[in-house]
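These notes concern the structure reproduced below.
Throughout, a chain's letter reflects where its sequence line sits, starting with A, and its residues are numbered from 1.
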Amino acid sequence: MAHGPKTIEEADKTPIGASAWPAWRTCVVIAIVGTVLLATALVSKNPGVVGGGLPRLAFAYLVGYCFFLAVTIGALALVLLTTLFRAGWVVAVRRVPETFAANFVWVGVLGLPIILMGFLDSEGQVYPWAMSQKNLEAQIHEAHHLLEPHDGHDEAHGDTNPTAHVQPVADDGHGHALDPASDGLHALTGQPMGAAYPDEDEAARAIQRANYVGLLGYMLDKKRWNGAIEGDALVPVGKGMVVPWYDPFFYAVRIVLYFVVLSAMGMFLWKCSVKQDASADPALTTRREWWAPPMTVLFALGITFLAFDVMMSLDPAWYSTMFGVIFFANSFLAGIATTILVCLALQKKGFLKIVSVDHYHDLGKLLFAFTFFWGYVSFSQFMLIWYASLPETTYWFELRGATTVPTAPQAGSGWQWMILVLLFGHLIVPFGFLLSRHVKRNLTLLSIAAVWMLLMVYLDLFWYIMPQYRSPAVTFGLPEIGAVLAVGGVVFALFFGRFRQHAPVPHNDPRMHESAALDTSAWAPIYH
Amino acid sequence: MAAIHPGTQIPSVETDNTLDDPCRRAPLVTGGLDFTGVTDAVAKSAISRPTLLWWVLFAITGPMALGFFTMIGYLFVTGTGIWGNNQPVAWGFPIVNFVFWVGIGHAGTLISAILFLFRQNWRTSINRFAEAMTIFAVVCAGIFPGIHVGRPWLAYWLFPFPNQMAMWPQFRSPLLWDVFAVGTYASVSLLFWYTGMVPDIATLRDKAQSRIGQIFYGFLSLGWTGSARHWHRFERAYILLAALCTPLVLSVHSVVSFDFAVAQMPGWHTTVFPPYFVAGAIYGGFAMVLTLAIPCRVWLGLEHIITMRHIINCAKVMLGTGMIVCYAYSLEFFTAWYSGHHFEQFVFRNRPLGNHYLGFWMMVFCNCVGPQVLWIKKVRENVWGIMWAAMCVNIGMWFERYVIVTTSLSRDFLPGSWAQFVPTWVDVVMFTLSFGLFGSLFLLFLKLLPTIAMAEVKTVMPAAHAHGHGHDDGDADHGQDPQPHVEGA
């Protein structure tokens with residue numbers, strides 16, 4: 001090594017204590033301001049900069065919540081994976097992600113509204129599967145009515161052929177395509193229903209929705225009521241799961257289970273680490289490392305199904321096996337970016353003296369790698385669905401602006417721009433930017449990159465979640481900003497509340513000397 | 001440092017480096033070998049005459065390789081009808097074998113590129129022959145689609161080149177992307193392998209006794225002198241090639257997975273295929289690395305360089321990627337149910353219970369059950385336990401591709417077009433003989449080239465570092481040297 005061993009200063013070994021108070025206070029103020037802004041969703045029924053009522057409030061909260069869920073999961077992933085791989089370099093900065101991960105249980109508490117939505121949202125305005133059977137039947141009825149070129153209540157509703165619903169979108173059993181990508185728009189707008197929608201765009205949106213309801217009805221009869229749609233009515237068929245997947249109670253049990261498992265991991269890793277501050281017992285490291293592999297398995301399953309249940313189930317009809325992997329990529333990016341920014345902020349205040357530019361360089365490399373990884377998995381998901389062009393999955397992208405069909409309501413909408421922003425802002429530009437080692441070692445540039453990637457992760461989650469609220473209109477305003485501030489304020493207040501109690505650096509970690517001597521320019525560094 | 005953590009010294013002659021002590025990193029070269037010891041141990045097999053065992057093995061693999069080419073000749077004069085491929089299973093063994101072999105290669109690239117960027121020093125002992133394995137596996141892989149094109153003398157039409165017929169390949173087909181992906185992969189891997197080998201070939205040049213050897217290695221070593229400038233250029237080139245290779249680890253098998261996943265075929269069309277295939281490829285690749293490393297380290301007397309720790313680390317990577325593969329299998333089944341998609345659900349019921357159920361259960365047992373023994377430390381420390389797991393994976397990963405190809409194609413949307421896939425003897429024999437080609441190339445590599453990246457191994461020995469504990473190998477002079485020596489250079 002070119003430079004000698006670094007000693008850990010006393011400041012890195014003593015808890016920051018009361019110094020965290022101003023930061024904590026600021027976070028609480030931000031959380032309060034955020035909550036007020038979030039509540040502006042309730043001022044009117046019309047969604048705009050403010051307003052939109054409870055559904056708007058719920059969606060705004062969901063995006064903000066998922067963002068900080070991603071940050072926490074990413075922090076846990078950083079700690080867990082570096083423990084799994086017995087990494088030495090990370091020790092100097094590890095207390096920061098470790099503390100976020102230890103607060104996982106509070107993030108779970110913040111998720112309680114999501115569980116409640118399953119029980120209370122009988123109109124299915126957030127999670128369509130929470131819809132009551134009566135409301136779903138009413139929606140299906142309305143959709144049938146809309147999609148019938150002439151009054152279709154004669155022969156169609158006598159159709160009780162049980163196989164009529166085997167193919168979700170090919171045919172609704174009435175001889176009409178329930179195809180969201182249907183180009184039968186013009187044929188349909190000329191029909192009586194056109195009169196109800198004087199505006200052709202509005203008619204197109206109504207048809208898009210009606211087509212979707214057909215698919216939704218097909219899915220929900222299976223996954224929610226173990227039934228089958230006959231005509232406009234849901235009839236139990238007496239088979240399926242004992243407890244349907246989207247039973248609100250089962251849903252709640254699952255969410256609680258994910259959080260119990262993930263919180264236990266976060267707490268365990270943090271506890272072992274802070275205990276070591278006092279005891280300097282290497283056996284604590286061994287214990288963490290012993291548990292890391294099984295915890296990684298549980299972590300992978302936990303976040304996959306968490307992503308499925310919290311985000312993918314906003315559209316219970318759509319599915320993608322890549323969904324959990326993309327959420328992980330976003331989370332890991334958010335976790336690394338947050339670690340970089342929090343470490344820089346703490347260093348500005350004179351803490352974390354042991355952290356050197358080499359640590360940021362390594363974190364920057366991970367930020368770069370997972371920017372690319374996000375692009376890889378997101379592109380794969382998009383490309384495979386686009387290429388196979390199956391209407392039962394492509395409509396999901398159409399709803400999010402990924403369409404070149406000029407008659408699609410989303411053509412030319414804000415969502416279409418957002419995809420381009422994601423493509424360039426979440427992948428191509430940061431890839432080129434972070435490629436350079438000078439950028440990764442320049443703390444100003446690296447912090448710009450970290451802030452930018454956090455923005456992009458938020459945008460990506462927004463793009464996943466918000467179209468379920470409204471599309472083609474893009475809804476962004478004070479409630480969305482408020483949700484980020486509210487949840488973020490709480491998460492960071494909890495962070496500082498915990499962080500201040502213990503040494504900011506796990507100085508007694510047996511690999512601390514490796515981290516202190518980190519030299520990323522070394523060809524094959526070895527540590528004695 | 002010692003003030004922070006006592007007991008951080010690396011003892012001089014350690015033979016068991018499998019212990020995990022968080023206070024210190026285990027030595028990667030054991031048995032008290034110094035730089036000269038490493039050079040001698042590695043160079044021995046290249047510059048001495050082949051052993052009897054080598055001849056025996058070559059006498060088996062050589063004729064197999066010849067037999068493989070004979071079978072290709074038989075195929076060319078007869079036509080692809082001698083294979084079991086037929087409608088609806090138009091893709092039979094050739095694609096299965098292609099995916100199997102190209103997957104094997106991934107471990108080499110992961111070890112040499114990604115583990116290098118992750119500063120995993122232990123990779124230095126195994127990267128050279130894992131990279132060699134990569135290249136030979138890609139050679140075997142490339143043959144199968146090449147001879148599957150029907151009119152193999154027109155296989156060059158796969159490449160887009162301006163021609164009088166104004167005929168271009170179908171750029172929208174993932175099969176064409178495969179040509180580019182595998183072509184790039186083969187060339188960059190070859191370049192990486194060769195670049196990394198130059199200093200070691202120079203060592204062999206300086207050690208060679210025979211005139212032919214001196215000329216051969218002298219030619220290949222590109223005038224390497226070991227000057228500081230050479231080392232500087234070498235390290236630059238190495239890092240750049242590692243960076244170039246890294247996306248290739250993902251891209252090649254992702255594109256291979258696109259061959260399947262872009263189709264609307266249930267069982268093929270699922271979005272997780274790209275990372276799942278990549279994990280599967282690394283899984284199969286590490287199994288092959290272990291299959292080769294465990295006997296080779298004994299035969300070539302390299303136990304102190306490819307130590308038990310290296311073997312255990314490979315086994316852990318194998319177990320980890322295997323868990324990703326199991327995750328993907330489970331996710332596919334879950335999503336088939338969750339999707340409510342009739343055909344998807346049928347395919348996933350048909351896999352365990354339908355016409356190719358044996359293949360499915362072989363796959364599940366060999367990939368998801370058998371290797372789980374590696375969770376137990378005692379098994380990981382036993383080469384036979386690791387060998388069992390590796391053999392399971394070797395078999396299981398072939399069956400995985402077999403299951404993907406045949407179950408979906410033989411039971412597609414229309415029951416009227418269903419047909420059973422039955423391989424012919426030619427299918428089985430050609431696949432078996434392809435191991436002969438692989439084995440022959442690998443044996444030639446073992447005999448002729450530096451099997452271990454000597455120069456790189458030396459960089460992870462304590463003596464290579466200025467602050468190294470000189471007592472480690474009794475060769476403190478080297479301890480002040482920022483670069484490893486190439487003998488005689």
Nearest non-hydrogen partners of [X] and [Y], listed with the distance:
X: B/Thr270; Y: A/Leu384; value: O-CD1, 3.8 Å
X: A/Ala388; Y: B/Ala263; value: CB-O, 4.1 Å
X: B/Pro275; Y: A/Met322; value: CD-CE, 3.4 Å
X: B/Trp375; Y: A/Val297; value: CH2-CG2, 4.0 Å

When you measure from the side chain of A/Tyr319 to the backbone of B/Trp337, do you find a donor-acceptor pair of N or O atoms at a distance under 3.5 Å?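 Flag not set: sc A/Tyr319 to bb B/Trp337 has no pair under 3.5 Å.
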Whether B/Thr271 side chain and A/Gln381 backbone form a donor-acceptor pair below 3.5 Å: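 Absent.
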Side chain from CB out, backbone as N, CA, C, O: work out which of these in [X] comes under 4.5 Å of a heavy atom of chain B, or both, or neither.
X: A/Phe372; value: side chain
X: A/Ala87; value: backbone
X: A/Trp386; value: neither

Hey, could you give me the [atom1]/[atom2] distance between [X] and [Y], rounded to the nearest 0.5 Å?
X: A/Trp318; Y: B/Ser339; atom1: CH2; atom2: OG; answer: 12.5 Å
X: A/Thr393; Y: B/Gln264; atom1: OG1; atom2: CD; answer: 9.0 Å
X: B/Met323; Y: A/Thr296; atom1: CE; atom2: OG1; answer: 10.0 Å
X: B/Phe258; Y: A/Ser380; atom1: CZ; atom2: OG; answer: 4.0 Å
X: B/Tyr338; Y: A/Ser320; atom1: OH; atom2: OG; answer: 11.0 Å

For the residue pair A/Tyr387 and B/Pro174, establish whether any side-chain heavy-atom pair is separated by less than 4.5 Å.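 Yes. Closest side-chain heavy atoms under 4.5 Å.
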Looking at side-chain heavy atoms only, is the closest gap between B/Pro22 and A/Thr286 below 4.5 Å?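 They are in side-chain contact.
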Does [X] [atom1] have over 12 foreign heavy atoms under 6.0 Å away?
X: A/Trp291; atom1: CH2; value: no
X: A/Arg287; atom1: CZ; value: no
X: B/Phe413; atom1: CZ; value: yes

Distance-only polar pair, side chains of A/Thr321 and B/Thr335, donor-acceptor under 3.5 Å: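 Their side chains do not contain a donor-acceptor pair, so the 3.5 Å distance test is not met.
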Close aromatic pair by centroid cut-off 6.0 Å: A/Phe305 and B/Phe334: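 Yes: the rings meet the under 6.0 Å criterion.
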Which portion of [X] sits near chain A, non-hydrogen atoms under 4.5 angstrom:
X: B/Lys316; result: side chain
X: B/Val278; result: side chain
X: B/Ala261; result: both
X: B/Glu344; result: neither

Test side chain to side chain contact (heavy atoms under 4.5 Å, CB included) applied to A/Arg86 and B/Asp20, step by step: CA-CA 10 Å; A/Arg86 294 174 190 183; B/Asp20 276 315; 2.8 Å; yes
Run the numbers on B/Arg119 and A/Asp519 for salt bridge (Lys or Arg N to Asp or Glu O under 4.0 Å), then give the verdict. CA-CA 11 Å; B/Arg119 298 195 294 263; A/Asp519 176 8; over 6 Å; no
Residue selection (most heavy-atom pairs with chain A, distance under 4.5 Å) from B/Lys377, B/Met265, B/Arg172: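 Looking at each of B/Lys377, B/Met265, B/Arg172 in turn, B/Arg172 comes out on top.
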